[in-house]
There are 2 protein chains.
Amino acid sequence: MAEKRLSLHLDFRSGLPIYAQIVEQIQSQLANKILKPGDQLPTVRALAQELRVNFNTVARAYRLLDEARIISTQQGRGTYILEIPPPQVTEKLRRESLEALTRRFLNEAIRMGFSEREVSQMVRDRLKSVKEAKAGEKE
Amino acid sequence: MAEKRLSLHLDFRSGLPIYAQIVEQIQSQLANKILKPGDQLPTVRALAQELRVNFNTVARAYRLLDEARIISTQQGRGTYILEIPPPQVTEKLRRESLEALTRRFLNEAIRMGFSEREVSQMVRDRLKSVKEAKAGEKE
DNA sequence: GTCTCGATTGTACTAATTGTATCATTGTAA
DNA sequence: TTACAATGATACAATTAGTACAATCGAGAC
């Protein structure tokens, strides 16, 4: 029962191909230690069903990660996290994934006509309520 | 998927080029809420067949709309309506749409394992470079 | 123990569907 | 005629889907 639920969120309308989104999010979860060496990933078919995509699309993502020596795919057995990349790399990945996400958010907001001031104020507000919610749920 | 029938009416005798008529009518349906952000448009070939025109003509219209940031065309996948700048909505709606966007962004970032501090720092950084870029392009 | 067989897993190859790029053709106006 | 914009034809590239196959494992039969 080692395999994770691996909650990935695809955006079918973002310009990024599905397979790239899968790669990116797995790398990100790796950099954030949500995934650890030895963890088994869902099978290509299971993940494909969950994401409602063709299993070859998942297989493509896994193949890319395999070629990058991040996971090990073994025919007939499954797919496992090989190793966490060295700290410098994970830190870089972490930063890059956050930066990409933030950039998308800001571009969208600005394109929708919001001023930088409005955006930054809203982020502060929402962050504050996130923090309060977190404090509350500790009971 | 849920792509619309997109009933367009071309006038081959009006001086207006076909591609311009397509652009115009899609924009109009967007303004009239017949098309909504996220909707998938017909493929260039499907729409071309329906309108009895060459698919390059449709592709040209799509390209113009893409350049205007109204739609997003993705090779191998399809064409989608982008989020559009809400034209002159009430202050309340404006605020709500920014809040929704921000909430999605923060949820995603936190789900990916970033701390509130990291997120807020990154937002500050990116906003700063947006501002600088804007200052720079004024020459 | 080990053999067999079926279920499960990833792989390989191909097909289908999508938009893109480039050049040719056509029609119209100067 | 010449120039140019609009449209069409053709080839291409990227993404995803379909199908068949090979490797592995485990449950039973013996």
Side-chain angles (χ1 to χ4, degrees), chain A residues 1-6 8-26 38-82, chain B residues 1-6 8-26 38-82:
Chain A
M1 178 52 195
E3 79 258 41
K4 302 277 174 159
R5 189 71 174 73
L6 195 60
L8 303 185
H9 293 203
L10 298 186
D11 180 355
F12 290 89
R13 302 188 250 298
S14 92
L16 223 51
I18 308 297
Y19 71 85
Q21 291 184 47
I22 296 173
V23 167
E24 188 186 69
Q25 294 192 35
I26 288 178
D39 281 353
Q40 179 170 20
L41 294 177
T43 68
V44 289
R45 284 172 179 81
L47 184 54
Q49 182 172 30
E50 185 180 327
L51 299 178
R52 315 291 190 83
V53 300
N54 188 276
F55 72 85
N56 282 299
T57 301
V58 176
R60 181 172 181 179
Y62 280 10
R63 181 165 50 77
L64 289 172
L65 288 165
D66 186 88
E67 285 166 359
R69 310 297 181 89
I70 289 172
I71 66 178
S72 159
T73 59
Q74 299 158 39
Q75 186 168 350
R77 305 197 50 216
T79 302
Y80 300 85
I81 302 286
L82 255 189
Chain B
M1 198 78 80
E3 80 256 40
K4 305 276 172 158
R5 188 73 172 69
L6 196 59
L8 303 185
H9 297 273
L10 298 185
D11 180 354
F12 291 91
R13 283 186 264 286
S14 90
L16 216 55
I18 309 295
Y19 71 87
Q21 293 183 45
I22 296 174
V23 167
E24 191 183 66
Q25 293 193 34
I26 288 179
D39 281 352
Q40 179 170 19
L41 293 177
T43 68
V44 289
R45 285 171 178 82
L47 183 54
Q49 182 173 29
E50 185 179 327
L51 300 178
R52 315 295 184 84
V53 299
N54 189 275
F55 71 85
N56 284 297
T57 302
V58 176
R60 182 170 182 181
Y62 279 9
R63 182 165 50 78
L64 289 173
L65 288 165
D66 187 89
E67 285 167 357
R69 307 292 192 93
I70 291 172
I71 64 178
S72 160
T73 60
Q74 299 159 39
Q75 185 167 353
R77 303 188 54 205
T79 302
Y80 300 85
I81 305 278
L82 279 178

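Just so we're on the same page: letters track the sequence lines, and every chain starts at 1.
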Write out a two-atom table: protein N or O, nucleotide N or O from nucleotides 10-15 of chain C, distance below 3.5 Å.
from: C:dG10; atom 1: OP1; to: A:T79; atom 2: OG1; distance (Å): 3.0
from: C:dG10; atom 1: OP2; to: A:V44; atom 2: N; distance (Å): 2.8
from: C:dG10; atom 1: N7; to: A:R45; atom 2: NH1; distance (Å): 2.7
from: C:dG10; atom 1: O6; to: A:R45; atom 2: NH2; distance (Å): 2.8
from: C:dG10; atom 1: N2; to: A:Q75; atom 2: NE2; distance (Å): 3.1
from: C:dT11; atom 1: OP1; to: A:T73; atom 2: OG1; distance (Å): 3.1
from: C:dA12; atom 1: N6; to: A:N56; atom 2: OD1; distance (Å): 3.1

Practice task
Report the C-alpha separation of B:T73 and B:V44 in whole Å, then their side-chain angles, then the decisive distance to 0.1 Å, and conclude whether the side chain to side chain contact (heavy atoms under 4.5 Å, CB included) test is met.
Solution key: CA-CA 10 Å; B:T73 60; B:V44 289; over 6 Å; no
Fill in the blank from the handout: Between CZ of B:R60 and P of C:dA21 the distance, given in whole Å, is 14 Å
Practice task
Take A:L82 and A:I71 through the test side chain to side chain contact (heavy atoms under 4.5 Å, CB included) and record every step on the way to the result.
Solution key: CA-CA 5 Å; A:L82 255 189; A:I71 66 178; 5.6 Å; no
Exercise for the section: Using whole Å, report how far CG of B:L65 lies from C1' of C:dT20. Expected result: 16 Å
Exercise for the section: May I ask you to test the B:T43-B:F55 pair for a side-chain heavy-atom distance under 4.5 Å? Expected result: no
Handout entry: Nearest-angstrom distance from the residue atom CG of B:L47 to C1' of D:dG8
Key = 16 Å
Practice task
To the nearest Å, give me how far apart OH (A:Y80) and P (C:dT9) are.
Solution key: 10 Å
Problem - Least distance between heavy atoms, B:Q21 atom then B:S14 atom - result: NE2-OG, 3.3 Å
Completion exercise
Taken to the nearest whole Å, CG/B:L16 to P/C:dT28 is 15 Å
Exercise for the section: Give the rounded distance in Å between these two atoms: CZ of B:R52 and P of D:dA9. Expected result: 14 Å
Practice task
Rounded off to whole Å, could you give me the CD-to-P distance for the B:E67 and C:dA21 pair?
Solution key: 10 Å
Exercise for the section: May I ask you to evaluate whether B:T57 reaches the phosphate of D:dA6, defined as a side-chain N or O under 4.0 Å from OP1 or OP2? Expected result: no
Fill in the blank from the handout: Taken to the nearest whole Å, CG/B:N54 to C1'/C:dC23 is 13 Å
